[in-house]
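Single-structure report; data block below.
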Amino acid sequence: MSRIVYVNGSFLPEEEAKVSVFDRGFLFADGVYEVTTVLGGKLIDFDGHAARLERSLGELEMESPVSRAELLDIHRELVARNDLAEGLIYLQVTRGAADRDFAFPEGAMPTVVLFTQAVPVIDRPSALNGIKVISIPDLRWGRRDIKTVQLLYPSMGKMAAKKAGADDAWMVEDGFVTEGTSNNAWIVKDGKLITRHLGTEILHGITRAAVLRLAEEAQMTVEERPFTLAEARAADEAFVTSASAFVTPVVEIDGQPLGEGRPGPLARRLREIYIDDSRAKAI
Ligand code: PMP
């Protein structure tokens, strides 16, 4: 079925939506993105994603091509035109089209693309059964806090996981877990939640921030600090957070079952709390 996608001010059937071969997103991965989840036809944490988009653009010296209010309107229009009840909205902003040159072009018009993906986000087998992860070295660049479209290494990590019969990879740098290929990594030990502190080494997950807040509201103890792979293997539970995965339990690391090899109680509870809170606050 053909979707309606948004490209630079127009809503078009996906077959008619085009960007230039000179687009710097295509030539240099010179662009940023966001993924916002739709539940019950409404957007989860739109403001968090819009704020991070503005920050990513600012770090790359790009002007925001649309205001936050316009962006919200585009998201809502896309949900309506595609009759999207549950799924994702992908948004990408690139520096635009210009003759190929490493230096940033002056006066290029940013390219703005948004499209929907109608995928289940609540009823996923991974939420029920948990996922298996492998560990790989973190070979990405040093500004992982900017949500750029240069996703080749995470993509390779996902393929390495698949080949190993697992679902995802946790990346490790200087002995510490940074994050998953497309999610933030958490472990639970003796009732305490542990997730890496913010910095340039990880993406500042919108779901991570929400789960931190909800965990504190539920009187759970949280530590924001680096943890090693050995700590993760010895943890009672582990899980990942992202806009599309919400809270998804991890049940195996590098072929070794974690804890009892089943989704843990804290991960299950946080997933429920997160979904309830998101439904209540979606706009
Ligand atoms: N880390 C990385 C590397 C990611 O790609 C993502 C998802 N895009 C996340 C963390 C989770 O971020 P969010 O909760 O905002 O989806």
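Indexing begins at 1, ligand by ligand and atom by atom, following the structure's order.
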Checklist entry - In terms of side-chain geometry, is the basic nitrogen of E34 or K147 positioned less than 4.0 Å from the acidic oxygen of its partner? => result no

Next on the checklist: Between S244 and Q117, is there a side-chain heavy-atom distance shorter than 4.5 Å?
Outcome noted: no

Item to check | NZ/NE/NH1/NH2 to OD/OE distance under 4.0 Å, D277 and R279 | outcome: no

Checklist entry - Which ligand 1 atoms are under 4.0 Å away from a heavy-atom of N184? => result 10 (C), 11 (C)

Item to check | T241 contact mode with ligand 1 (heavy-atom cut-off under 4.0 Å) | outcome: backbone

Checklist entry - Name the one of E173, R144, R196 that satisfies side-chain contact (heavy atoms from CB on, under 4.5 Å) with E179? => result R144

Next on the checklist: With a 4.0 Å cut-off on N to O distance, would you call R140 and D138 a salt bridge?
Outcome noted: yes

Item to check | Per atom 6 (C) of ligand 1, closest listed option by heavy atom (S182, S244, A210) | outcome: S182

Checklist entry - Going through the distances and angles, do H75 and H49 end up as a side chain to side chain contact (heavy atoms under 4.5 Å, CB included)? => result CA-CA 12 Å; H75 275 76; H49 290 283; over 6 Å; no

Next on the checklist: Quick check on contacts: which atoms of ligand 1 are under 4.0 angstrom from a heavy atom of S242?
Outcome noted: 11 (C), 14 (O), 16 (O)

Checklist entry - Any idea which atoms of ligand 1 are less than 4.0 Å away from a heavy-atom of Y33? => result 5 (O), 8 (N)

Item to check | E231/K189 salt bridge by N-O under 4.0 Å criterion | outcome: no

Item to check | contact_flag F246 ligand 1 heavy-atom lt 4.0 Å | outcome: no

Checklist outcome for this item: In terms of its nearest heavy atom to atom 2 (C) of ligand 1, the top option of R140, K147, R208, E179 is E179

Checklist entry - Is the shortest distance from a heavy atom of T181 to ligand 1 less than 4.0 Å? => result yes

Next on the checklist: I'd like to check which ligand 1 atoms, numbered from 1 as shown, lie under 4.0 Å from a non-hydrogen atom of A243.
Outcome noted: 13 (P), 14 (O), 16 (O)

Item to check | Sidechain N-carboxylate O distance under 4.0 Å for E54, R68 | outcome: yes

Checklist outcome for this item: Among non-hydrogen protein atoms, atom 14 (O) of ligand 1 lies closest to T207 OG1, 2.6 Å

Checklist outcome for this item: Short version for R144: what comes under 4.0 Å of ligand 1, heavy atoms counted, is neither

Next on the checklist: Below 3.5 Å, N or O to N or O, backbone or side chain included: is there any such pair between G180 and ligand 1?
Outcome noted: no

Checklist entry - Does even one non-hydrogen atom of R52 get within less than 4.0 Å of ligand 1? => result yes

Next on the checklist: If we ignore hydrogens and angles and just use 3.5 Å, is the side chain of R268 paired with the main-chain N or O of P263 as donor and acceptor?
Outcome noted: yes

Checklist entry - G205 heavy atoms, cut-off 4.0 Å: which ligand 1 atoms fall inside? => result 12 (O), 13 (P), 14 (O), 15 (O)

